[in-house]
Amino acid sequence: MYHLFYQYNPAGPFHDTIHWGHAVSEDLVNWTDEPIALAPDPDGPDSVGVWSGCFVDDDGTPTVMYTGGAGTNQLPCLARATDDSLRNWQKSSENPLLESVPEEIDILHSIDWHGEFRDHCVWREGETWYQLIGSGLDGEGGAALLFESPDLIEWEYCHPLLTGDWRKTGPIWECPELLQFEEGALLHVSDYSKVAYFTGEYDEEAHRLRPSNDGVLDHGVFYAPQSFEDDASRTVMFGWLKEDRDQQAQWDAGWSGAMSLPRVVSLTEDGTPQYSLPTELETLRQTHHSFSNFTISSDGSNPLPEVAGDTLEVKMTVDANDVGEFGLVIRETPDGEERTVIRCSIRHRSLIVDRSQSSNSDAVVDSSESMPIALEKNGTFSFHLFLDRSIIELFANDAQALATRIYPTRRDSTGISLYAKDCDVTVESLDVWELSAE
């Protein structure tokens, strides 16, 4: 059974008095809501919020480390499950596990918090537990601070695993996570605007990361991801997909935020993150439309009259040699009033989600999102798209990802078509599946 815990406010779609929601699944696809797992204790160190954390197995006991908010403090807390269903949790009487932020370093303070200090990544090496906490060093940049413990209760500060440059990756790092693969280690952090990653060698003796590569894990609204290794030895990552509409629209909808598709993450030999999607997602596929070896004409529209929907999966491979721009139009009304255009600019090596006509609503963000792309050695370019009503998740050559949000207002915003600019484009394969919407 897969267990998913997430930040949740039962009072409404706004950020306040955060609890831990809980859902379970046998297949990563069909999820069932469970009762709230953790709630703030009005008299405890988490009185204003049970915030982000992580899950570990402490010799058979399911255990979570989370950030408790109280007053102007954010400090680590611990809870242990008291049943196999993970419905009931006992908070540690030792909470908070640290009385204050480390005094040895100059942690950034703000008008809201006595030290920007939150979110946890915990693992064990031998008999010793290690923990990363997201923070920021005044005048330097975001930091992933390393602590060690013999028992998950008593923690001693070690040093920053890595510190960033505030001009490149922001003044504060949230939700740090260290993943280790045969090809090297990957540290990702969320810096308010994006999820930055660093890959390289993790020195287990010095307990420091020596990065040799860095970049952006996702170029859209994907944020604060968490990962786990499943029984098939896959590193599976979920992220939070933030809203791109105003607070009133979220109130009217009655909900805010969604979880991403599960992504299987690995590293290439040169230390670049790459993605695949769990085969379990294929159970969502229903009607299949398959096309091969055809041309997208540059002298007019290229509709796909047999295909329509607001829940679709699209896989497309083109011969990109000597090609300028081509793309896919989704969520299109018959008159073109609402439409979202996925633009593949081979000349500029970029993929752009043009949201300028995605919605008639004035409550949504309509700016474009983009990510860099590269061609395969044979000159082909492939992308994989999932559309789930307001959510688009795009993967290019399994090496770049972009999740974004659109909010069409019309019921007939379901059309799909292709286009090419400047010259015809040869499509080697195009597969479209209409997906189960239940």
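Any value given below was found using the heavy atoms of this structure, including those in side chains, with hydrogens, waters and symmetry copies removed.
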With a sphere of 6.0 Å drawn around [atom1] of [X], does it hold more than 12 non-hydrogen atoms of other residues, nucleotides or ligands?
X: Glu125; atom1: CD; value: yes
X: Asp83; atom1: CG; value: yes
X: Glu306; atom1: CD; value: no
X: Glu154; atom1: CD; value: no
X: Glu156; atom1: CD; value: no
X: Trp166; atom1: CH2; value: no

Give a yes or no on whether the backbone of [Y] and the side-chain of [X] come within a donor-acceptor separation of less than 3.5 Å.
X: Thr409; Y: Ser359; value: no
X: Glu393; Y: Leu387; value: no
X: Asp230; Y: Ser233; value: yes

Indicate whether the side chain of [X] and that of [Y] have a donor and an acceptor atom separated by less than 3.5 Å.
X: Thr268; Y: Glu183; answer: no
X: Glu148; Y: His207; answer: no
X: Ser417; Y: Glu332; answer: yes
X: His219; Y: Glu369; answer: no
X: Thr333; Y: Ser413; answer: no
X: His289; Y: Glu434; answer: yes
X: Ser227; Y: Glu177; answer: yes
X: Thr235; Y: Glu229; answer: no
X: His288; Y: Asp431; answer: yes
X: Glu26; Y: Asn30; answer: no

Would you give the length of the straight line joining atom [atom1] of [X] to atom [atom2] of [Y], rounded to the nearest 0.5 angstrom?
X: Leu351; Y: Leu385; atom1: CG; atom2: CG; value: 9.0 Å
X: Ile36; Y: Phe5; atom1: CD1; atom2: CZ; value: 12.5 Å
X: Asp310; Y: Asp388; atom1: CG; atom2: CG; value: 8.0 Å
X: Leu132; Y: Cys121; atom1: CG; atom2: SG; value: 5.0 Å
X: Leu98; Y: Gln74; atom1: CG; atom2: CD; value: 13.0 Å
X: Asp191; Y: His188; atom1: CG; atom2: NE2; value: 12.5 Å

Non-hydrogen atoms of [X] and [Y] that approach each other most closely:
X: Gly271; Y: Asn213; result: O-ND2, 3.4 Å
X: Gly164; Y: Thr169; result: CA-OG1, 3.9 Å
X: Ser190; Y: Tyr223; result: CB-CZ, 3.3 Å
X: Val101; Y: His114; result: CG1-O, 4.0 Å
X: Arg331; Y: Arg410; result: NH2-O, 4.5 Å
X: Leu78; Y: Leu152; result: CD1-O, 3.6 Å

Given Ile352, Val353, Leu402, Asp354, the one that forms side chain to side chain contact (heavy atoms under 4.5 Å, CB included) with Ile342: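 Of all the options given, the one that passes is Val353.
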State, yes or no, whether a side-chain contact exists between [X] and [Y] at a heavy-atom distance under 4.5 Å.
X: Asp151; Y: Trp129; value: no
X: Asp46; Y: Tyr66; value: yes
X: Leu97; Y: Ile153; value: yes
X: Ile391; Y: Arg405; value: yes
X: Pro42; Y: Ser47; value: no
X: Met316; Y: Leu418; value: yes
X: Leu186; Y: Phe198; value: no
X: Asn397; Y: Glu376; value: yes

Parallel, tilted or perpendicular: which fits the ring planes of [X] and [Y], with parallel below 30° and perpendicular above 60°?
X: Trp31; Y: Phe238; result: perpendicular
X: Phe55; Y: Trp89; result: perpendicular
X: Phe326; Y: Phe381; result: perpendicular

Arg263 to Phe222, cation-pi by 6.0 Å centre distance and 45° axis angle: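 Because its charged atom sits under 6.0 Å from the ring centre and within 45° of the axis, Arg263 does stack over Phe222.
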Geometric cation-pi criterion, Arg245 with Trp255: 6.0 Å, 45°: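 The answer is yes, since Arg245 meets both limits relative to Trp255.
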What do you reckon, are the aromatic ring centroids of [X] and [Y] less than 6.0 Å apart?
X: His159; Y: Tyr157; value: no
X: Trp155; Y: Phe147; value: no
X: Trp251; Y: Phe14; value: yes
X: Tyr6; Y: Trp51; value: no
X: His19; Y: Tyr8; value: no

Audit row: Phe386, Leu435, side-chain contact (heavy atoms from CB on, under 4.5 Å) steps and yes/no: CA-CA 9 Å; Phe386 275 82; Leu435 302 181; 4.0 Å; yes
Lys/Arg N to Asp/Glu carboxylate O, Glu313 vs Lys315, below 4.0 Å: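 No salt bridge links Glu313 with Lys315.
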Pair Arg80 + Glu94: basic N to acidic O under 4.0 Å: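 Glu94 and Arg80: not salt-bridged.
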Salt bridge (charged side-chain N to carboxylate O under 4.0 Å, His left out) evaluation trace for Arg118 with Glu174: CA-CA 7 Å; Arg118 56 185 173 273; Glu174 301 183 293; 3.0 Å; yes
Stepwise salt bridge (charged side-chain N to carboxylate O under 4.0 Å, His left out) check, Arg355 with Asp244: CA-CA 11 Å; Arg355 301 186 293 174; Asp244 251 350; 2.8 Å; yes
Salt bridge (charged side-chain N to carboxylate O under 4.0 Å, His left out) assessment of Asp41 paired with Lys91: CA-CA 10 Å; Asp41 181 348; Lys91 296 178 183 178; 5.4 Å; no
Stepwise salt bridge (charged side-chain N to carboxylate O under 4.0 Å, His left out) check, Arg124 with Asp59: CA-CA 11 Å; Arg124 182 156 53 182; Asp59 295 328; 3.2 Å; yes
